[in-house]
Amino acid sequence: MPTTEEVSLVLGGLHCAACVVRVERALGQVPGVEQALVNLATRQARVKYQAPPVTVEALKAVIQEAGYEVQGYFKEERQPPPSPEVEARKMKRRFLLALGLSLPVFLGGMVPPLQGWLGFGHQAWNFLLLLFTTPVLFYSGAPFFTGAFKAARHGSANMDSLVALGASAAYAYSAWVAFFPHTVAAAGHMPDVYFDTTAMIITFILLGRWLEARTRGRVSQAIRRLFALAPPAARVRRDSREMDLPLEQVVVGDQILVRPGEKIPVDGVVIEGASSVDESMLTGESLPVAKEPGSEVWGATLNQRGFLVFRATRVGRDMVLSQIIRLVEEAQTGKAPIERLADRVAGVFVPAVMVLAALTFAAWLAWGPPPALTRALVSMVAVLIIACPCAMGLATPTAVMVGAGRGAEMGILIRGGEPLERAYRLTTVIFDKTGTLTRGAPQLTEVLALNGWTGDQVLAWAAALEEKSEHPLAEAVVHAAQQQNLTLPSVADFQAVPGMGVKAAIHGQGVILGNLAFLTRENIPTQELTAPQSRLAREGKTAVFLAVAGAPVGLLAAADTLKPGAREVVAALQETGLKILLLSGDNRLAAAAVAQSVGIREVLAEVLPGDKAKKVAELQQAGEVVAMVGDGINDAPALAQADVGIALGTGADVAAEAADLTLIRDDLALIPRAIGLSRRMMRIIRQNLFWAFFYNVVAIPAAAAGFLNPGLAALAMALSSVSVVTNSLRLRRFKP
């Protein structure tokens, strides 16, 4: 029975957005391929397919038939993107040779008296320029001809086709003039050569590709750093023996030993020892986290002072680090709608440019002033060279790569390009209450003593009863008593009354702990408790009352307290112009109290978990672009429904499938940073695409009209790609 599989193929020979379109189209035509995404910045194709009938070998054959190389592939085990250093070194060698040979050719074209100073005749000088230019074209420029030939063999064209055509046209014309100058003169044209055009085209474009490969290396640094975080081996205790094993041989259940200063190799739970662990490389949290038996530890974090023994719970691709890498890779490979538009344009761009170049040549030849042939040739070559779809192809993936990597360093995981576009247009942010704005567990906030009792007495007696209770506030009361080191009295005749509270005897006296209805049922006067009860209800707090020997002696109030920084986060989002709402299944008083304490004006309370997604949809139907912030589990339907789902994670659930943005640690301050990073990334993408399109819109007509010589066109084209990548690299310096 067919199963869905996924493979990442490392490609060679990709140079522009037109290449991306052709590979995606070739893969998409294979029966059984569900999705094929090619990333120009990483030179990788991610293919989702049905196996059988599709095999990796069949995919490789299709790519090779389309004229590209497959340098490797990987399935289950993630691998870092290939470093462009090898490509950069090759380009550097070709560029330096081209530069050395091109300079004399360039000087010969720019300084006409030079040939006389050196004692060369006109034809001898042309032969000398031919001698210098030939290796530049056919050795340094060989990759362009190889790429153009492969594309032509499959009935298509790419950036290499434009460069090869332009450079070889200028070279062929100049070589003819060098050998047969009289034929050109007889036709009424000046026997000028354009070897400098050919040489500078190849030199400048090689310079651009070398610089691009170097900058692409910095673009993919973040994900390569993620791969480098995990140590290569682990010290494992098996059958009372200790041994060092490669990381891939560690299995779930192994006992792992970690000394001070060593990295934790896999995820697990501490069973021996105590220490503090630096988790900043994984979560972005700067402060070390204390670890003791029962604490969870994550692979790639740094053990600082103590000796730890832990039991492995997740290894290999199940580790939190592997999940983070997977999400970052998905973000870097996925395409935003705006990028698909650029790809569609690039798919028809190269053929259109070739037609335009031919029309330019014909127009200058027919209507241009003399020497018409010369002007026609120069203008045609300039059009071919200036029209580069490289910048269009790099505009989005480089920004997403850098931004996603920077986000991962900060503890923010972005799932692809589409959420970026939606985050850019956000108008409303909805916060879940419990577990998102609040801690999700009640804490004792107030103890009120009556009739001569002290607060410590009330707390100690209440905690003695709650130790045996399953009441939701029991843990908060007992924890508060433990923090104050109170001695609890012994309890006898304990009895729980469902929905009311508990009864017992302490020191021979009847004791009741429960709600007002319980006290009223037991004929205990409650007049002095009514006012405090009303006040606490307005504050969103839950109260229990303690009565001893038939008289009230105190009350205890508990509430689900706010997380640190909740008010500041809401204020920061409101300052950006976003509308903030609170969504909760809790009662209106409790929800309103929390909303008031953090500065949220609109509250949607008493909403069942299954109806949260409906509330989000209602806002969307009203024209709002909605982000939903939740814990990533209980709020999954609402997160999925929202335009941008933001899940507050805690390491174990960083791969929350419903969320578009996942925050690795439970820190509300990451929310405005995540939205800010998404918006900054989208601004960079829009800038890149604007300048890529604007460059072509302005430069192509200028070249066709004869205002741009081919050498400058080559330099401008090369620098356009470098500028796009450099602009994207600004995201590495993003600070909230």
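Side chains included, hydrogens not; waters and symmetry mates left out as well; all remaining heavy atoms used.
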Original post:
Just wondering, are more than 12 heavy atoms of other shown residues or ligands nearer than 6.0 Å to NZ in K92?
Top reply: no
Subject >> Of V629, V644, V570, I646, the residue whose pairing with V429 passes side-chain contact (heavy atoms from CB on, under 4.5 Å) >> reply: V629
Subject >> Stepwise side chain to side chain contact (heavy atoms under 4.5 Å, CB included) check, L670 with L648 >> reply: CA-CA 9 Å; L670 288 176; L648 283 165; 5.9 Å; no
Original post:
Roughly how far apart are L663 CG and M410 CE, rounded to 0.5 Å?
Top reply: 10.0 Å
Original post:
Nearest heavy-atom pair of A399 and I684: which atoms, and what distance?
Top reply: CB-CG2, 3.9 Å
Original post:
Side chains of L59 and V33: closer than 4.5 Å at any heavy-atom pair?
Top reply: yes
**OP:** Under the side chain to side chain contact (heavy atoms under 4.5 Å, CB included) rule, what do L247 and V266 come out as? Steps first, then yes or no, please.
**Re:** CA-CA 8 Å; L247 208 58; V266 297; 4.0 Å; yes
**OP:** Report the distance from atom OG of S102 to atom CZ of F204, rounding to the nearest 0.5 Å.
**Re:** 8.5 Å
Subject >> Residues R46, E6: salt bridge by 4.0 Å N-O rule >> reply: yes
Original post:
After noting the C-alpha distance and the side-chain angles of I202 and F144, does the key distance pass the side chain to side chain contact (heavy atoms under 4.5 Å, CB included) rule?
Top reply: CA-CA 9 Å; I202 298 297; F144 304 119; 3.9 Å; yes
**OP:** Please determine, by modelled atom types, if E5 and Y49 share a side-chain donor-acceptor pair under 3.5 angstrom.
**Re:** yes
Original post:
Between the side chains of D278 and T301, does any donor sit under 3.5 Å from an acceptor?
Top reply: no
Subject >> Heavy-atom closest contact (T203 atom, F95 atom, distance) >> reply: O-CD1, 3.5 Å
Original post:
Just wondering, do P265 and V315 contact through their side chains at under 4.5 Å, heavy atoms?
Top reply: no
Original post:
Between L639 and A647, which heavy-atom pair has the shortest distance, and what is it?
Top reply: CD1-CB, 4.3 Å
Original post:
Quick one: does S140's side chain have a donor or acceptor within less than 3.5 Å of a partner on R94's backbone?
Top reply: yes
Subject >> R305 atom CZ, neighbour heavy-atom count above 12 within 6.0 Å >> reply: no
**OP:** Measure the shortest side-chain to side-chain distance between I671 and F431 over non-hydrogen atoms and say whether it is less than 4.5 angstrom.
**Re:** yes
**OP:** Determine the minimum heavy-atom distance between D432 and G630, stating which atoms define it.
**Re:** CB-CA, 4.2 Å
Original post:
Relative to the ring of F690, is the ring of F694 parallel (under 30°), tilted (30 to 60°) or perpendicular (over 60°)?
Top reply: parallel
**OP:** Would you give the length of the straight line joining atom CG of L426 to atom OG of S678, rounded to the nearest 0.5 angstrom?
**Re:** 8.0 Å
**OP:** Answer yes or no: is there a side-chain heavy-atom contact under 4.5 Å between Q71 and L11?
**Re:** no
Subject >> Salt-bridge contact D643-R422 (side-chain N to carboxylate O under 4.0 Å) >> reply: no
Original post:
Roughly how far, to the nearest 0.5 Å, is the OG atom of S728 from the CD atom of Q687?
Top reply: 9.5 Å
Original post:
Which pair of heavy atoms, one from A290 and one from S295, lies closest together, and at what distance?
Top reply: O-OG, 4.3 Å
Subject >> E624 with R425: basic N within carboxylate O range, under 4.0 Å >> reply: no
**OP:** Could you tell me the separation between the CE atom of M319 and the CH2 atom of W298, rounded to the nearest 0.5 Å?
**Re:** 12.0 Å
Original post:
Under 3.5 Å, is there a donor-acceptor pair between the side chain of N303 and the main chain of G306?
Top reply: yes
Original post:
What closest approach, in Å, do I63 and E69 show between heavy atoms, and which atom pair accounts for it?
Top reply: CG2-O, 4.3 Å
Original post:
Are side-chain N/O atoms of Y68 and R22 paired as donor and acceptor at under 3.5 Å?
Top reply: yes
Original post:
Would you find a donor on one side and an acceptor on the other, under 3.5 Å apart, between the side chain of K563 and the backbone of T436?
Top reply: yes
Original post:
Taking the side chain from E262 and the backbone from R259, do they hold a donor-acceptor pair closer than 3.5 Å?
Top reply: yes
Original post:
Does T428 reach the main-chain N or O of V625 with its side chain, forming a donor-acceptor pair under 3.5 Å?
Top reply: no
Subject >> Stepwise side chain to side chain contact (heavy atoms under 4.5 Å, CB included) test for Y424 and I685 >> reply: CA-CA 11 Å; Y424 190 76; I685 289 170; over 6 Å; no
**OP:** Keeping the roles fixed (side chain from Q641, backbone from V616), state whether a donor-acceptor pair exists under 3.5 Å.
**Re:** no
Subject >> M681 side, atom CE; R679 side, atom CZ - distance, nearest 0.5 Å >> reply: 14.5 Å
Original post:
Is there side-chain contact between Q304 and V277, with heavy atoms separated by less than 4.5 Å?
Top reply: no
Original post:
Does the side chain of V289 reach to within under 4.5 Å of the side chain of S276, using non-hydrogen atoms?
Top reply: no
Subject >> Contact check, side chains of V20 and E24, non-hydrogen atoms, under 4.5 Å >> reply: yes
Original post:
Do T313 and D267 get their side chains close enough for a donor-acceptor pair, meaning under 3.5 Å?
Top reply: no
